[in-house]
Participant: 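First the structure, then my questions, so here it is.
The structure displayed is predicted, hence computed values, not measured ones. The chains referred to below are lettered A, B, ... by the order of the sequence lines, with proteins before strands, and numbering in each begins at 1.
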Amino acid sequence: MSAYRHYTLCFLVAVVLYVALSIGTWLQLQREIFPFASWELFSYVPNELHDYGVRIIQVDGAPLEGWPYLETLDALIGADYTINVHQAIQTLGIQVEQADYDAAEESRAFFEATHLAELGSVEYALYSRRSQPIARWRGDGFTHEVELAIFHRKSIQP
Amino acid sequence: MRISQLPGLSFLRGWEAYDSFDFCWYGRSYAQAALLVRVFYLFLLYWLATVLIGYWADWRTTAAVLPLWPVAWLDRLGVQGFIDGLSLLSIGIMIAVVALPHLRWLRIGAFICFLLWYAFINSFGKISHDGHGWLFTTMIFIWLPSPRDAEQSVSRQHLFLTVFASAQVLFMLFYTMSGAWKIGTGLGQMLAGEIGSFHPHALAQLTAFRLLQTGSDSLLGSWIIQYPLLGWPLHLAAIYLEFFALLAAFRPSLHRLWGIGLIAFHFGTWLLMGIIFQTNIALLGLLMVMSPFYRERTPARVTLGNLPLLGHLFRSTTASETSSHSGR
């Protein structure tokens with residue numbers, strides 16, 4: 001077999017394996033094994049958005065009025081609310097809601113170390129929220145909010 | 001490369017009546033592919049430089065990492081030791097591979113360095129996808145034959161171009177997978193009576209969803225949310241471009257159009273959703289817009305005649321012209 005035919009055959013086999021592995025992993029585990037991406041990006045259009053958010057209760061003993069959500073506090077945090085911050089909160093929210101407290105403890109430590117590092121002592125609450133995306137973007141707020149837990153550094157107070 | 005020549009795919013021969021590349025232009029195509037490979041590694045070096053300039057100092061003092069498997073061992077060195085060592089090694093190898101891309105061991109080194117870099121960048125709780133195309137292209141280019149051999153042998157040029165074409169195919173496969181998910185999930189949501197990919201408000205809904213995720217605004221996001229119907233043709237066009245990207249990879253006359261179309265798609269996601277994929281824009285430029293298989297001055301009617309699903313609308317009037325381009 002010529003070199004290019006041999007290469008083409010190996011490439012095709014690799015592509016089939018890639019597709020099977022990436023899609024199979026995504027369908028089974030709802031996550032991807034790096035770097036085998038399933039490329040399931042923005043395919044589901046959320047009619048009702050279910051996500052998690054963090055309300056800051058107090059910083060260094062000073063309470064914040066109305067417990068504002070973290071995404072509205074860029075100036076206080078000293079950094080933008082990025083997709084990485086959002087993802088860290090979603091991971092923590094899912095684990096707390098599923099009562100997977102060991103995993104949640106690890107996720108919380110990561111979240112505090114990376115995204116609340118600029119603040120001193122912080123007390124914050126984790127919320128599960130439901131909303132209609134366009135209405136919420138226009139300022140109508142949430143249709144449903146439930147407090148899941150309050151964290152004060154490393155002590156969980158459900 | 002003709003897709004119908006691949007094992008088990010001879011039934012696709014009919015598709016190729018309007019477009020094929022029979023490698024009779026070895027010299028020109030090979031020279032362009034060889035140049036593009038050099039430029040590819042130059043871009044990789046540029047990317048590394050911008051990342052190091054922006055983040056090297058911050059990463060040395062990073063407080064927490066959730067390492068992906070390629071960098072799971074970084075705790076043994078400590079983050080600072082890992083970053084310093086990998087940065088210095090990567091600078092050396094990337095400069096060397098730009099100068100000497102014909103050395104396979106340097107291309108292997110570039111792949112390993114980039115794999116480690118990219119894995120580290122994604123070890124902060126979320127995997128981004130802006131470098132996957134680069135990572136797999138770097139891996140595929142390991143199999144490029146030496147230019148010295150290729151310059152003396154048509155069969156080695158053929159292998160060189162086949163490897164290059166496989167990078168195009170894999171990169172376009174990523175888009176096709178993304179498009180297939182949108183179509184499948186969209187049909188499911190449509191049957192469930194929900195707003196899905198094909199609904200006139202889909203893009204507005206997705207834009208609002210994304211902007212809420214980041215608590216931010218984008219340049220044109222509010223515009224599309226305010227006038228959702230304007231986003232409908234844009235979203236359908238994006239799904240079309242994505243889904244048929246793999247097919248376009250096998251139709252050289254579509255390479256430039258698909259490259260430009262997907263670049264426009266990435267600019268659109270940035271303007272509407274604030275999602276930045278500038279690395280994919282660069283790779284689309286290298287692999288598709290400047291494709292060595294695209295024949296310069298291909299008539300627009302030939303390109304239109306090769307459009308998936310829509311080509312037949314143009315073929316009847318261009319049959320004679322396309323046939324003159326099919327045997328190049």
Side-chain angles (χ1 to χ4, degrees), chain A residues 2-12 14-15 18-19 22-23 26 31-47 49 51 69-72 74 80-88 90-91 106-107 109-114 117 131-138, chain B residues 1 6-7 62-64 66 68-70 115 118-119 122 124-129 132 135-136 140 143 145 155-156 158-159 162-163 166 169-170 173-175 177-178 181-186 189 194-197 199 201-202 204-216 225 228 273:
Chain A
S2 64
Y4 98 89
R5 285 187 185 278
H6 185 252
Y7 172 83
T8 304
L9 196 60
C10 291
F11 173 73
L12 280 177
V15 165
Y18 173 92
V19 172
S22 61
I23 293 181
W26 182 257
R31 65 184 183 87
E32 62 187 65
I33 298 174
F34 178 86
F36 300 99
S38 68
W39 300 100
E40 201 269 273
L41 303 172
F42 297 97
S43 59
Y44 179 77
V45 179
N47 288 230
L49 176 57
D51 69 351
Y69 273 111
L70 187 62
E71 55 262 40
T72 66
D74 285 356
D80 290 341
Y81 184 88
T82 62
I83 189 66
N84 282 359
V85 185
H86 181 79
Q87 187 61 47
Q90 305 317 298
T91 303
E106 192 177 326
S107 297
F110 175 77
F111 169 65
E112 291 176 358
T114 52
S131 59
Q132 202 285 325
I134 290 181
R136 182 173 143 199
W137 187 87
R138 288 175 174 155
Chain B
M1 178 171 57
L6 298 176
T62 192
L66 298 172
L68 294 172
W69 67 264
L115 173 67
Y118 193 51
N122 283 293
F124 293 91
K126 182 185 180 303
I127 297 175
S128 299
H129 301 92
H132 281 61
L135 179 64
F136 281 96
I140 286 173
W143 278 271
S155 68
R156 304 306 282 180
H158 197 153
L159 177 59
T162 302
V163 172
S166 66
V169 166
L170 188 63
L173 172 69
F174 293 163
Y175 286 100
M177 289 172 72
S178 181
W181 279 108
K182 288 184 177 72
I183 290 173
T185 310
Q189 287 194 277
E194 297 179 0
I195 295 175
S197 301
H199 192 279
H201 290 191
Q205 197 95 351
L206 284 170
T207 301
F209 164 66
R210 174 64 186 194
L211 295 180
L212 289 170
Q213 279 187 326
T214 54
S216 61
I225 294 171
M273 299 175 162

Participant: Counting only non-hydrogen atoms closer than 4.5 Å, does A:F34 touch chain B with its backbone (N, CA, C, O), its side chain (CB onward), both, or neither?
Facilitator: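 Interface part for A:F34: both.
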Participant: Who wins among B:M273, B:M177, B:H199 for the most heavy-atom pairs under 4.5 Å with chain A?
Facilitator: B:M177
Participant: Does any heavy atom of chain B fall under 4.5 Å from the side chain of A:L41, the backbone, both, or neither of them?
Facilitator: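 Backbone plus side chain of A:L41, per the 4.5 Å heavy-atom cut-off to chain B.
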Participant: Which atom names give the shortest non-hydrogen contact between B:W181 and A:W39, and what distance separates them?
Facilitator: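 Closest heavy-atom pair between B:W181 and A:W39: CD1-O, 3.5 Å.
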Participant: Under 4.5 Å heavy-atom distance to chain A, tell me which part of B:L66 shows up: side chain, backbone, both or neither.
Facilitator: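 Interface part for B:L66: both.
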Participant: Below 4.5 Å from any heavy atom of chain B, which atoms of A:D51 appear? Answer side chain, backbone, both or neither.
Facilitator: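 A:D51 has no heavy atom closer than 4.5 Å to chain B.
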Participant: Just so I know, are the side chains of B:I195 and A:P46 near enough to count as touching, which here means a heavy-atom distance under 4.5 Å?
Facilitator: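 A side-chain contact is absent here, since even the closest heavy-atom pair is not under 4.5 Å.
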Participant: Ring pair (Phe, Tyr, Trp, His ring centres under 6.0 Å) for A:Y18 and B:F174? Distances and angles first, verdict last.
Facilitator: CA-CA 11 Å; A:Y18 173 92; B:F174 293 163; 5.5 Å; yes
Participant: Less than 4.5 Å to any heavy atom of chain B: does that hold for the side chain of A:E40, its backbone, both, or neither?
Facilitator: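 Contact with chain B is through both the backbone and side chain of A:E40.
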Participant: Under the side chain to side chain contact (heavy atoms under 4.5 Å, CB included) rule, what do A:F11 and B:V169 come out as? Steps first, then yes or no, please.
Facilitator: CA-CA 10 Å; A:F11 173 73; B:V169 166; 4.0 Å; yes
Participant: Side chain, backbone, both or neither: which part of A:S22 has a heavy atom under 4.5 Å from chain B?
Facilitator: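 The answer is the side chain of A:S22.
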Participant: If we only count heavy atoms from C-beta on, is the B:T214 to A:H86 side-chain gap below 4.5 Å?
Facilitator: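 Heavy-atom side-chain distance check fails, nothing below 4.5 Å.
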Participant: With chain B, which of A:Q87, A:Q90, A:E32, A:Q132 has the greatest number of heavy-atom pairs at distances under 4.5 Å?
Facilitator: A:E32
Participant: Looking only at heavy atoms, what is the nearest atom pair of B:L211 and A:W137, with distance?
Facilitator: CD1-NE1, 3.6 Å
Participant: Would you mind telling me which of B:I140, B:L159, B:I225, B:L68 has the largest number of heavy-atom pairs within less than 4.5 Å of chain A?
Facilitator: B:I225
Participant: Using heavy-atom distances under 4.5 Å, tell me whether A:E106 contacts chain B through its side chain, its backbone, both, or neither.
Facilitator: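 Looking at A:E106, just its side chain touches chain B.
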Participant: Can you tell me which portion of B:L135 sits under 4.5 Å from chain A's heavy atoms? Options are side chain, backbone, both or neither.
Facilitator: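 The answer is the side chain of B:L135.
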Participant: Does B:Q205 use its side chain to pair, donor to acceptor, with the backbone of A:I134 at less than 3.5 Å?
Facilitator: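 It does not hold such a pair.
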Participant: Look at the aromatic rings of A:Y7 and B:W143 and report parallel, tilted or perpendicular, splitting at 30° and 60°.
Facilitator: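 The rings of A:Y7 and B:W143 sit tilted, inter-plane angle from 30° to 60°.
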Participant: Where does B:I127 contact chain A at under 4.5 Å (heavy atoms): side chain, backbone, both or neither?
Facilitator: side chain
Participant: What residue in B:F136, B:Y175, B:F124 has the most heavy-atom pairs under 4.5 Å with chain A?
Facilitator: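 Counting heavy-atom pairs under 4.5 Å, the top option is B:F136.
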Participant: Using every non-hydrogen atom in the two residues, find where B:G125 and A:F110 come nearest and quote the distance to one decimal.
Facilitator: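 So the minimum-distance heavy-atom pair works out to N-CZ, 4.0 Å.
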Participant: Given the options A:S38, A:A14, A:A37, which has more heavy-atom pairs under 4.5 Å with chain B than any of the others?
Facilitator: A:S38
Participant: Side chain, backbone, both or neither: which part of B:P70 has a heavy atom under 4.5 Å from chain A?
Facilitator: side chain
Participant: Under 4.5 Å from any heavy atom of chain B, what part of A:R138 do you find: side chain, backbone, both or neither?
Facilitator: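 The side chain, not the backbone.
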Participant: Taking all non-hydrogen atoms of both residues, which atom of B:R156 and which atom of A:A3 are closest, and how far apart?
Facilitator: NH1-CB, 3.9 Å
Participant: For A:P35 versus B:H132, what's the shortest heavy-atom pair and its separation?
Facilitator: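 Result for this residue pair: O-CD2, 3.1 Å.
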Participant: Could you have a look at B:K126, B:E194, B:Q189 and say which one has the most heavy-atom pairs with chain A under 4.5 angstrom?
Facilitator: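 Between B:K126, B:E194, B:Q189, the count favours B:Q189.
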